[in-house]
Number of protein chains: 2
Amino acid sequence: MLRRRGYRLTTQRRAVLDVIARSRDHLTPGEIHQQVVRRHPGVGLVSVYRTLALLADMGLICEVHVGGNCRSYLLRRPLGHHHHLVCSDCGRVVDFSDCDLGQLEKRLAEDTGYEIEGHLLEFAGRCPDCRAATFT
Amino acid sequence: MLRRRGYRLTTQRRAVLDVIARSRDHLTPGEIHQQVVRRHPGVGLVSVYRTLALLADMGLICEVHVGGNCRSYLLRRPLGHHHHLVCSDCGRVVDFSDCDLGQLEKRLAEDTGYEIEGHLLEFAGRCPDCRAATFT
DNA sequence: CCAGTTAATGAAAATTAGTTTCATTTGCAG
DNA sequence: CTGCAAATGAAACTAATTTTCATTAACTGG
Ligand SMILES: [Mn+2]
Ligand SMILES: [Mn+2]
Ligand SMILES: [Zn+2]
Ligand SMILES: [Zn+2]
């Protein structure tokens with residue numbers, strides 16, 4: 001796949017991909033680097049970052065948004081359970097409450113054996129203002 | 001609300017909350033600090049961080065998970081559009097593909113005027129293994 | 001209102017994460 | 001093979017976040 005897009009197939013890229021493919025967990029760049037170095041000492045953390053950017057860009061790896069790593073906050077307007085629709089251009093946020101995921105949640109719980117505790121749902125899009133601005 | 005939970009109502013906490021409440025955007029700790037300092041010079045960035053942690057903990061503010069700030073990756077197993085169910089204990093990830101949000105997406109688009117481009121959906125829960133481990 | 005207690009703060013250092021630069025290496029097309 | 005551009009690693013650099021600790025100030029009880 002890398003080749004097909006004109007990227008070179010280097011040992012470091014192989015190694016990073018190998019670690020990610022082997023693991024069932026999600027790993028941070030640091031963790032990936034640690035594992036890479038075991039077999040390939042000398043591989044730099046920089047290359048791990050570069051490879052991850054590349055792979056994410058190509059859609060070969062997924063990001064997981066667990067926990068409070070993401071730092072961007074706003075007031076909780078409706079105080080209860082709700083979700084966000086965020087403008088990908090200006091960042092404006094609209095809240096909404098009806099997500100109706102109970103059906104899906106129940107099925108997932110049955111299929112996987114997980115005891116589901118909650119969910120994160122966010123839509124991204126372009127707000128009316130930003131859309132208008134484009135056609136000016 | 002702070003008082004009710006036994007926390008002191010300090011000027012810095014007021015200030016942070018005030019900035020967040022005023023703004024319609026989501027703000028990073030740094031941005032919040034900048035605005036706080038305008039009216040209250042001398043307030044430390046540290047306090048902003050501490051206050052944010054507190055408020056998030058109490059559920060008074062929302063996090064927004066936009067963009068690639070979160071660094072945790074795993075191989076994209078099903079290559080197409082899909083979502084994650086993450087164990088909140090050990091981090092194990094299950095992929096699933098049927099999210100059926102078209103209905104909601106359409107309604108949101110109509111109600112808000114946003115041109116919706118995509119969504120992020122993640123469930124959190126405890127995997128069978130971790131659940132079993134509890135009852136040992 | 002006042003003093004005492006103790007949670008909360010700010011300065012500074014320490015840690016951690018991520019990016020940039022640049023000389024050197026290496027994959028790969030020819 | 002050879003040559004060259006892409007990719008790498010070391011190191012410096014920037015930015016974000018946490019820890020430590022002496023000082024301050026919010027609240028409690030009188
Ligand atoms: Mn919200
Ligand atoms: Mn996935
Ligand atoms: Zn917008
Ligand atoms: Zn688990």
Side-chain angles (χ1 to χ4, degrees), chain A residues 1-20 25-58 60-74 91, chain B residues 1-20 25-58 60-74 91:
Chain A
M1 280 211 168
L2 282 165
R3 281 262 180 69
R4 202 177 314 150
R5 308 213 184 188
Y7 295 111
R8 295 185 179 172
L9 187 47
T10 66
T11 356
Q12 318 35 11
R13 283 176 180 165
R14 272 178 197 284
V16 169
L17 207 39
D18 196 56
V19 165
I20 298 177
D25 300 352
H26 43 107
L27 304 169
T28 63
E31 290 166 343
I32 293 170
H33 180 242
Q34 285 181 348
Q35 302 208 24
V36 165
V37 167
R38 282 188 208 156
R39 288 171 178 281
H40 304 270
V43 170
L45 179 54
V46 212
S47 289
V48 173
Y49 274 109
R50 285 192 277 233
T51 303
L52 288 174
L54 191 63
L55 296 176
D57 206 55
M58 293 175 43
L60 287 179
I61 56 179
C62 313
E63 297 175 4
V64 177
H65 295 250
V66 66
N69 302 37
C70 304
R71 302 277 186 149
S72 202
Y73 303 93
L74 74 166
Chain B
M1 279 210 167
L2 283 166
R3 282 264 180 67
R4 201 176 315 151
R5 308 212 186 190
Y7 294 112
R8 295 184 179 173
L9 187 46
T10 66
T11 356
Q12 343 353 39
R13 284 176 179 164
R14 271 178 197 285
V16 168
L17 208 39
D18 195 56
V19 165
I20 299 177
D25 300 351
H26 42 108
L27 304 168
T28 62
E31 290 165 343
I32 293 169
H33 180 242
Q34 285 181 349
Q35 302 208 25
V36 165
V37 166
R38 282 188 209 156
R39 289 173 177 279
H40 303 270
V43 170
L45 179 53
V46 215
S47 288
V48 173
Y49 273 106
R50 286 191 276 233
T51 303
L52 288 174
L54 190 63
L55 296 176
D57 206 56
M58 293 175 42
L60 287 179
I61 55 179
C62 313
E63 298 175 2
V64 177
H65 295 249
V66 66
N69 302 38
C70 305
R71 303 274 184 149
S72 201
Y73 302 93
L74 74 166

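First the proteins, then the strands, lettered A, B, ... as listed; each starts at 1.
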Determine the minimum heavy-atom distance between B:Leu45 and B:His33, stating which atoms define it.
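Distance-wise, the nearest heavy atoms are N-NE2, 3.3 Å.
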Give me the atom names and distance for the closest heavy-atom approach of B:His26 to A:Ser72.
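Smallest interatomic distance, heavy atoms only, reads ND1-OG, 2.7 Å.
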Separation of [X] atom [atom1] from [N] atom [atom2], in whole Å?
X       : N      : atom1 : atom2 : result
B:Gln34 : D:dA16 : CD    : P     : 10 Å
B:His33 : D:dA15 : NE2   : P     : 16 Å
B:Leu55 : C:dA8  : CG    : C1'   : 14 Å
A:Leu27 : C:dA17 : CG    : P     : 14 Å
B:Leu2  : C:dT9  : CG    : P     : 10 Å
B:Leu52 : D:dT17 : CG    : P     : 10 Å
A:Arg4  : C:dC28 : CZ    : P     : 15 Å
A:Tyr73 : D:dA16 : OH    : P     : 14 Å

If the condition is side-chain contact (heavy atoms from CB on, under 4.5 Å), which residues does A:Arg8 pass it with, not counting sequence neighbours?
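Counting only residues at least two positions away or on another chain, A:Arg8 forms a side-chain contact (heavy atoms from CB on, under 4.5 Å) with A:Thr10, A:Arg13.
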How far does CD1 of A:Ile61 sit from CG of A:Leu17, to the nearest 0.5 angstrom?
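If we round to the nearest 0.5 Å, A:Ile61:CD1 and A:Leu17:CG are 8.5 Å apart.
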Measuring from A:Gln34:CD to A:Thr28:OG1, what's the distance to the nearest 0.5 Å?
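Going from CD on A:Gln34 over to OG1 on A:Thr28, the span is 7.5 Å.
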Under 4.0 Å, heavy atoms only, any strand: does B:Arg14 hit a base, just the sugar-phosphate, or nothing?
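Nothing, no heavy atom under 4.0 Å.
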If we fit an axis to the first five pairs and another to the last five of the helix from C:dC1-D:dG30 to C:dG30-D:dC1, what angle do they make, to the nearest 10°?
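The two end axes of the helix from C:dC1-D:dG30 to C:dG30-D:dC1 meet at 40°.
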Indicate for each nucleotide in nucleotides 4-10 of chain D, in 5' to 3' sequence, whether protein heavy atoms under 4.0 Å reach the base (B), only the sugar-phosphate (S), or nothing (-).
-BBSBB-
Check: B:Val43 main-chain N/O paired with B:Ser47 side-chain donor or acceptor under 3.5 Å
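Judged by distance alone, no pair lies under 3.5 Å.
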Indicate yes or no for a side-chain donor-acceptor contact from B:His40 to the backbone of B:Gln12 under 3.5 Å, with no hydrogens or angles considered.
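No, the answer is negative, given that no donor and acceptor are paired below the 3.5 Å cut-off.
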Would B:Leu2 and B:Met58 count as a side-chain contact (heavy atoms from CB on, under 4.5 Å) here? Give the steps.
CA-CA 9 Å; B:Leu2 283 166; B:Met58 293 175 42; 3.8 Å; yes
Audit row: A:Leu74, B:Val64, side-chain contact (heavy atoms from CB on, under 4.5 Å) steps and yes/no
CA-CA 8 Å; A:Leu74 74 166; B:Val64 177; 3.3 Å; yes
